[in-house]
Amino acid sequence: QKNEPGNIWLRKNSWRYGFILRYPKKKESVTGISYEPWHFRYVGKKAAAYMHKHDLVLEEFWEKL
């Protein structure tokens with residue numbers, strides 16, 4: 001699924017609509033979960049934009065709050 005055009009678009013643009021890729025490949029050590037290219041989560045537009053800008057996953061975002 002990770003190579004399908006729709007999924008590629010989602011991973012690049014989902015943050016614009018308030019969604020994040022919940023378990024990205026480069027953050028497995030932080031989340032404790034293997035990469036899941038299909039697993040998106042709604043966090044709101046402001047949070048998603050902040051997380052995208054600072055390359056954070058939800059666990060890292062919560063630590064900053």
Side-chain angles (χ1 to χ4, degrees):
Q1 181 183 25
K2 71 178 182 177
N3 295 322
E4 292 181 8
N7 186 273
I8 293 168
W9 186 90
L10 276 173
R11 288 184 311 212
K12 290 180 181 177
N13 296 287
S14 62
W15 66 272
R16 299 174 195 271
Y17 303 93
F19 290 85
I20 59 165
L21 178 62
R22 183 61 182 96
Y23 302 113
K25 190 169 192 167
K26 60 186 175 176
K27 298 283 187 158
E28 292 172 328
S29 63
V30 178
T31 65
I33 305 293
S34 297
Y35 174 52
E36 294 183 352
W38 51 266
H39 196 143
F40 291 87
R41 179 175 181 160
Y42 184 78
V43 296
K45 287 184 178 182
K46 287 183 181 179
Y50 183 88
M51 293 169 69
H52 174 75
K53 181 178 180 179
H54 298 283
D55 193 30
L56 302 174
V57 289
L58 195 56
E59 289 80 359
E60 295 167 319
F61 179 72
W62 284 121
E63 285 181 16
K64 291 194 172 286
L65 293 179

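As a basis for the values below, the full set of heavy atoms in this structure was taken, side chains included, without hydrogen atoms, waters or symmetry mates. For this chain, numbers begin at 1 and follow the sequence in order.
Taken from CZ in F40 to OH in Y23, the straight-line distance is 13.0 Å, to the nearest 0.5 Å. Here L21 contributes atom CG and R41 contributes atom CZ; the two are 13.0 Å apart, rounded to the nearest 0.5 Å. Between atom NZ of residue K26 and atom OH of residue Y35 there is a gap of 10.5 Å, rounded to the nearest 0.5 Å. For the atom pair OG of S14 and CZ of R16, the computed distance is 10.0 Å after rounding to the nearest 0.5 Å. Within the model, atoms NZ of K12 and CG of N7 stand 11.0 Å from one another, a figure rounded to the nearest 0.5 Å.
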* To do: Step by step, work out the salt bridge (charged side-chain N to carboxylate O under 4.0 Å, His left out) result for R22 and E59.
  => CA-CA 10 Å; R22 183 61 182 96; E59 289 80 359; 2.8 Å; yes
* Can you check side-chain contact (heavy atoms from CB on, under 4.5 Å) on L10 and W15, steps first, answer last? -> CA-CA 8 Å; L10 276 173; W15 66 272; over 6 Å; no
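The pair E60-K27 meets the salt-bridge criterion, with a side-chain N (NZ, NE, NH1 or NH2) lying under 4.0 Å from an Asp/Glu carboxylate O. The residues E36 and K2 are annotated as not salt-bridged, no charged nitrogen and carboxylate oxygen being separated by less than 4.0 angstrom.
Connectivity analysis of hydrophobic side chains (ILVMFWY, heavy atoms under 4.5 Å, direct or indirect) links F61 to I20, V43, Y50, M51, L56, L58, W62, L65.
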